[in-house]
Peer 1: 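Can you read through this structure? Questions will come right after.
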Amino acid sequence: MVSALPRPRVPLTAVRRWYERELGWPTARGEPVELLTGVAFDVLEMPAEAGWAVLRQMPGTGPAALLGGHPCAPYGPGAAGCRAGSVPPGADGISRVDRPKILMLVAAGCAEELPGILEWLEWGTLVPDLTARGAGERMPAPSFPTSGPSSCAIGSREAALWVRPPEPGYEAENSLPVTGIGAGFGERGRAPDLVRLVSAAATECHRAQLLRARNDQTDRAGGDQPLAFSYASRMSAGTRPRSLTL
């Protein structure tokens, strides 16, 4: 049997050069290429099924990457030309660390604000899958974006893939979600306020968490039961979900 050849990788030097020269983002030395967070941007990290839902709700989140999953799951008009597929549900037997993730770029310094925002939204520790990478941390550097079907190729060997790539030629950092004066109005008026982004992300992370719990119960019981969604589950926990009112 003749085995198929793997898709050629983009040379690491070209990837590093693209980030450092075209975008001005610092990279860590060594291989594989990694982007330093906490300098030009921070990262919100969440399960892929929650991230796709947020991307569908918010067309202008700023750059976002998929880590460890399928690049062609549709989330909106930006998926045109990709083969339709489904997002891996994070089912039984897959650890939290190993599940595919969506990484959303936010303004530098926002990672430190995440715990406080979650407390203000009264989510607290109910969404452990919503985390952030900030100063002193890194994220895998996706191969720089390419046009055409190859950017949606199945079986990619890259550690991460852009699902909303950065656009060279302007200050990408100005379009990243942030809090404070001017929040929600990036350079092109598209990036949402960080609090609204965190609110949507927390809601979808909680939804995904409940879906996984229901699937576990269904598998064990051999039956089905209604899904208790965020408001009911939050009320039963004794907290009022402020994020649902934003």
Side-chain angles (χ1 to χ4, degrees), residues 3-52 54-55 61-73 75 78-79 82-83 85 87-88 90 94-111 114 129-169 171-173 175-176 201:
S3 60
L5 293 176
R7 183 171 64 91
R9 286 189 175 186
V10 178
L12 294 180
T13 54
V15 174
R16 190 184 304 278
R17 187 183 308 115
W18 188 78
Y19 283 110
E20 293 183 346
R21 296 185 181 180
E22 296 294 330
L23 295 178
W25 293 353
T27 63
R29 296 305 161 192
E31 298 182 6
V33 180
E34 294 180 305
L35 303 176
L36 299 178
T37 57
V39 181
F41 59 85
D42 285 352
V43 170
L44 284 183
E45 182 172 338
M46 65 200 74
E49 60 268 39
W52 289 121
V54 174
L55 292 174
T61 59
L66 174 66
L67 177 63
H70 192 286
C72 290
Y75 61 87
C82 290
R83 184 180 303 177
V87 179
I94 303 178
S95 70
R96 179 180 299 167
V97 174
D98 294 332
R99 291 190 187 110
K101 304 288 183 63
I102 290 290
L103 308 179
M104 295 186 183
L105 272 59
V106 295
C110 289
L114 179 61
D129 289 336
L130 179 58
T131 60
R133 304 188 190 196
E137 298 181 273
R138 305 173 181 182
M139 68 166 280
S143 180
F144 52 77
T146 58
S147 59
S150 61
S151 62
C152 291
I154 296 176
S156 170
R157 298 171 60 204
E158 303 295 344
L161 293 167
W162 288 114
V163 293
R164 282 189 181 159
E167 301 177 32
E171 292 294 329
E173 296 90 321
S175 68
L176 298 179

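If you're wondering where the values come from, they're calculated on a predicted model, not measured in any experiment.
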Peer 1: Checking side chain to side chain contact (heavy atoms under 4.5 Å, CB included) for the pair Leu66/Trp52: CA distance, chi angles, key distance, verdict?
Peer 2: CA-CA 9 Å; Leu66 174 66; Trp52 289 121; 4.1 Å; yes

Peer 1: Look at Glu20 together with Arg29 and state whether they make a salt bridge at an N to O cut-off of under 4.0 Å.
Peer 2: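 Yes, this pair counts.
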
Peer 1: Show, in sequence, the C-alpha distance, side-chain angles and deciding distance for Leu35 and Tyr19, and conclude whether the side chain to side chain contact (heavy atoms under 4.5 Å, CB included) test is met.
Peer 2: CA-CA 8 Å; Leu35 303 176; Tyr19 283 110; 3.6 Å; yes

Peer 1: Hey, does the side chain of Arg16 reach the backbone of Ala28 with a donor-acceptor pair shorter than 3.5 angstrom?
Peer 2: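 Between the backbone of Ala28 and the side chain of Arg16 there is a qualifying donor-acceptor contact (under 3.5 Å).
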
Peer 1: Under 3.5 Å, side chain of Asp42 to main-chain N/O of Gly109, donor-acceptor pair present?
Peer 2: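 Yes, the answer is positive, given that a donor and an acceptor are paired below the 3.5 Å cut-off.
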
Peer 1: Between Arg138 and Thr37, is any side-chain donor less than 3.5 angstrom from a side-chain acceptor?
Peer 2: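 No, Thr37 and Arg138 have no side-chain donor paired with an acceptor closer than 3.5 Å.
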
Peer 1: Heavy atoms only: give me the nearest Ala64-Leu55 pair and the separation to one decimal.
Peer 2: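 Smallest interatomic distance, heavy atoms only, reads CB-CD2, 4.1 Å.
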
Peer 1: With heavy-atom distances below 4.5 Å as the criterion, would you say the side chains of Leu36 and Trp25 are in contact?
Peer 2: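 Leu36 vs Trp25: side chains apart.
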
Peer 1: Mind checking whether Pro140 and Leu67 have side chains closer than 4.5 Å, heavy atoms only?
Peer 2: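 Contact flag for Pro140/Leu67 side chains = yes.
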
Peer 1: Shortest non-hydrogen contact from Glu137 to Gly134?
Peer 2: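 Minimum heavy-atom separation between Glu137 and Gly134: OE1-N, 2.9 Å.
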
Peer 1: Counting N and O atoms only, with roles assigned by atom type, does the side chain of Arg17 sit under 3.5 Å from a partner on the main chain of Glu22, one being a donor and the other an acceptor?
Peer 2: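 Judged by distance alone, no pair lies under 3.5 Å.
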
Peer 1: For a 4.5 angstrom cut-off between non-hydrogen side-chain atoms, does Val54 reach Ile102?
Peer 2: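 No. Closest side-chain heavy atoms not under 4.5 Å.
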
Peer 1: About how many Å separate CD of Glu31 and OG1 of Thr13, when rounded to the nearest 0.5 Å?
Peer 2: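 Going from OG1 on Thr13 over to CD on Glu31, the span is 9.5 Å.
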
Peer 1: Quick one, Met104 and Met46 - any side-chain contact, counting heavy atoms below 4.5 Å?
Peer 2: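 The answer is yes; the side chains approach within 4.5 Å.
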
Peer 1: Can you check whether Leu44 reaches Leu114 side chain to side chain, under 4.5 Å on heavy atoms?
Peer 2: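 Yes, side chains in contact.
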
Peer 1: So, do Pro166 and Phe41 sit near enough that their side-chain heavy atoms are less than 4.5 Å apart?
Peer 2: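 In short, these two side chains do not touch, never coming nearer than 4.5 Å.
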
Peer 1: Can you name the closest pair of heavy atoms from Leu103 and Glu45 and give their distance?
Peer 2: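 Heavy atoms only, the tightest pair is CD2-CG, 3.4 Å.
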
